[in-house]
Amino acid sequence: MLDPKYIRANTDIVRQGIKNKRMDDAVLDEFLGADDLWRNAITEVDALKALRNTVSEQISQMKRSGEDATAEITRMREVSNRIKEMDAEVRLLEERFQRALLMIPNMPHESVPACQDESGNVIIRQWGEPRAFDFTPLPHWEIATRLGLIDFERGTKIGGSGFILFTGLGAKLQRALFNWMIDLHTETQGYTEVLPPTLANRDCMIGTGQLPKFEFDMYRMPDDDLFLIPTAEVPITNVYREDILDGAELPIYLTGHSKCFRREAGAAGKDTRGLLRVHEFDKVEMVKFATPESSYDELEKLTQNGEEVLQQLGIPYRVKLLCTGDMSFSSAKTYDLEAWASGVEQWLEVSSCSNFEFYQARRANIRFRRENGGKPEFVHTLNGSGVALPRTFVAILENYQQADGSVIIPEVLRPYMGGIEVIEAK
RNA sequence: GGAGAGAUGGCUGAGCGGACGAAAGCGACCGCCUGCUAAGCGGUUGUGGGGACUUAAAUCCUCACCCCGGGUUCGAAUCCCGGUCUCUCCGCCA
């Protein structure tokens, strides 16, 4: 969330930022109203509490010296009752204030192009060229089915549409991908591996920004008030929720693999064929905790760490700087990595690398001390996929398919595939 | 799932209705002293909200916080109720 003091002092900037993100600025007015009411109420009740504290102190002294304090006690009984009433009121107002505050999106960084739609996105660079084919490349669902890598029909028996049953070498290729990616991040890019839980509680979801706004985009377990994570960003960022880190330890780099769950309500029918949009998928995530002054350098490095995955796989990709209108709720700046897939002839988003500045850190209360005795400050958090598996799987099948129906395994994955170099057509 | 024990500041640990934002020790910081990495002496040392003042910082006033949420009371770290987590035992289980 934003700093309430900042919002009060820079209402116009915040309003413009919300509009640039293509969101409704009514949330700001709600905040300002709630803020006003809450602050008035708290000032009033604090004064009553101050009175109660001083008189209670007097009562204590009177009792010790044997004086009669009945009158004061009677008087304070009334004051206390009034405080009780007002506290209930203040609590409601504070909840409203908090809810409003949590509904205000992060502000875009100044380097982000202001634009209301995706036409403002900027292709920063491209790596590799889409392969030229001397035959008509097939879409991945055909390749996967022919080679026995995915059983789409039986997958839907289990979870319904959008749930994938990988089989045989398809399943093995999934394992190869995330194992190799994590090894790349940990062995050459300086990340520490974590394997987090797949369910997370409400506090975590508020911390990273999924709640309160996106409750119904997630799978929920109402009996336990837990949520299936939409990304490992959630548990990994929340590793340090409510912590004060030692500034000397920053930046901290964590990486981990998880299942990701997305309801994708309302998305049916749009680009959903095959693996392009599924309810459950695997992803390797990179998360960073950095000082404010270094976070934008760290974002560049993080993005490059994601790019290296695609480079080593030999998949052409481009890096897209998202404009304000295309950015997510919590992000200040985002680069998308888009992998080329020859069969569907699309650039597929396989990674989103973002700097959240202290938006998440404030929500999750993740701080650091520069030195002993220094004031705690909020860290900047960043994350990016490194990378999402299904669409990478798509890009591999479609880009590496051969005229005879076989698919070549990218070299870096072969050690993870038991040495298999080609998935042969049956 | 059942029974019991516990949760206090950066850490160890006391307090079990009023003088407690919290003893003591450790650590850290500042100063002094000592002719040399040590010791000694004095001082400082939590976080967050609201407000005043200020360009800002500093400062000041005030409230809250001894796991979380309620309650009792003029007054709660302390008493009561509910929850979470940790440990021990039993049960169940991949």
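The chains referred to below are lettered A, B, ... by the order of the sequence lines, with proteins before strands, and numbering in each begins at 1.
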Tell me which nucleotide, if any, is Watson-Crick or G-U wobble paired with [N] when both distances must be under 3.5 Å.
| N | value |
| --- | --- |
| C53(B) | none |
| C66(B) | none |
| G18(B) | C74(B) |
| A94(B) | none |
| A24(B) | U12(B) |
| G42(B) | C30(B) |
| G35(B) | none |
| A5(B) | U86(B) |

What do you reckon, is CZ of R8(A) surrounded by more than 12 foreign heavy atoms closer than 6.0 Å?
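For R8(A), atom CZ is crowded (more than 12 foreign heavy atoms under 6.0 Å).
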Whether over 12 other heavy atoms sit under 6.0 Å from E249(A) CD:
yes
Please report the distance separating the [atom1] of [N] from the corresponding atom of [M], rounded so that it comes out in whole Å.
| N | M | atom1 | value |
| --- | --- | --- | --- |
| A64(B) | G21(B) | C1' | 11 Å |
| C26(B) | A38(B) | P | 16 Å |
| G9(B) | A14(B) | C1' | 13 Å |
| G13(B) | C20(B) | P | 23 Å |
| C92(B) | G2(B) | P | 15 Å |
| G4(B) | C66(B) | P | 26 Å |
| G1(B) | C81(B) | C1' | 22 Å |
| U44(B) | C36(B) | P | 28 Å |

Does some side-chain heavy atom of [Y] sit less than 4.5 Å from a side-chain heavy atom of [X]?
| X | Y | result |
| --- | --- | --- |
| L93(A) | R91(A) | no |
| L173(A) | M417(A) | yes |
| I104(A) | F31(A) | yes |
| M107(A) | S331(A) | no |
| L337(A) | T303(A) | yes |
| T381(A) | K288(A) | no |

How long is the line joining [atom1] of [X] and [atom2] of [N], in whole Å?
| X | N | atom1 | atom2 | value |
| --- | --- | --- | --- | --- |
| D246(A) | C11(B) | CG | P | 14 Å |
| E95(A) | G70(B) | CD | C1' | 14 Å |
| K375(A) | C29(B) | NZ | C1' | 15 Å |
| D203(A) | C85(B) | CG | P | 12 Å |
| E242(A) | A7(B) | CD | C1' | 16 Å |
| E249(A) | G10(B) | CD | C1' | 13 Å |
| E94(A) | G48(B) | CD | P | 16 Å |
| D224(A) | G83(B) | CG | C1' | 14 Å |

Distance flag, aromatic centroids of [Y] and [X], threshold under 6.0 Å:
| X | Y | result |
| --- | --- | --- |
| F214(A) | F329(A) | yes |
| F227(A) | Y219(A) | no |
| H109(A) | Y296(A) | yes |
| F393(A) | F166(A) | yes |

Quick check on RNA chain B: between A47(A) and R64(A), whose nearest nucleotide comes earlier from the 5' end?
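Per heavy-atom nearest nucleotide, the more 5' residue is R64(A).
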Give each protein N/O atom lying under 3.5 Å from an N/O atom of nucleotides 67-69 of chain B, with the pair distance.
none

Listing time: all N or O pairs from protein to nucleotides 72-75 of chain B that are below 3.5 Å?
from: U72(B); atom 1: OP2; to: K84(A); atom 2: NZ; distance (Å): 2.9
from: C74(B); atom 1: OP1; to: R77(A); atom 2: NE; distance (Å): 3.0
from: C74(B); atom 1: OP1; to: R77(A); atom 2: NH2; distance (Å): 2.6
from: C74(B); atom 1: O4'; to: I73(A); atom 2: O; distance (Å): 3.4
from: C74(B); atom 1: O3'; to: S80(A); atom 2: OG; distance (Å): 3.2
from: C74(B); atom 1: O2'; to: S56(A); atom 2: OG; distance (Å): 3.4
from: G75(B); atom 1: OP1; to: S80(A); atom 2: OG; distance (Å): 2.5
from: G75(B); atom 1: O4'; to: S56(A); atom 2: OG; distance (Å): 3.3

For L226(A), is there any backbone N or O sitting under 3.5 Å from a side-chain donor or acceptor partner on R220(A)?
no
Below 3.5 Å is the cut-off: list the nitrogen or oxygen pairs between protein and nucleotides 49-51 of chain B, distance only.
from: G49(B); atom 1: N2; to: D46(A); atom 2: OD2; distance (Å): 2.6
from: G50(B); atom 1: OP1; to: R8(A); atom 2: NH1; distance (Å): 3.1
from: G50(B); atom 1: OP1; to: R8(A); atom 2: NH2; distance (Å): 3.0
from: G50(B); atom 1: O2'; to: T43(A); atom 2: OG1; distance (Å): 3.2
from: G51(B); atom 1: OP1; to: R39(A); atom 2: NH1; distance (Å): 2.5

Just to verify, which of L322(A), N106(A), L321(A) counts as forming a side chain to side chain contact (heavy atoms under 4.5 Å, CB included) with K333(A)?
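Of L322(A), N106(A), L321(A), side chain to side chain contact (heavy atoms under 4.5 Å, CB included) with K333(A) is met by L321(A) alone.
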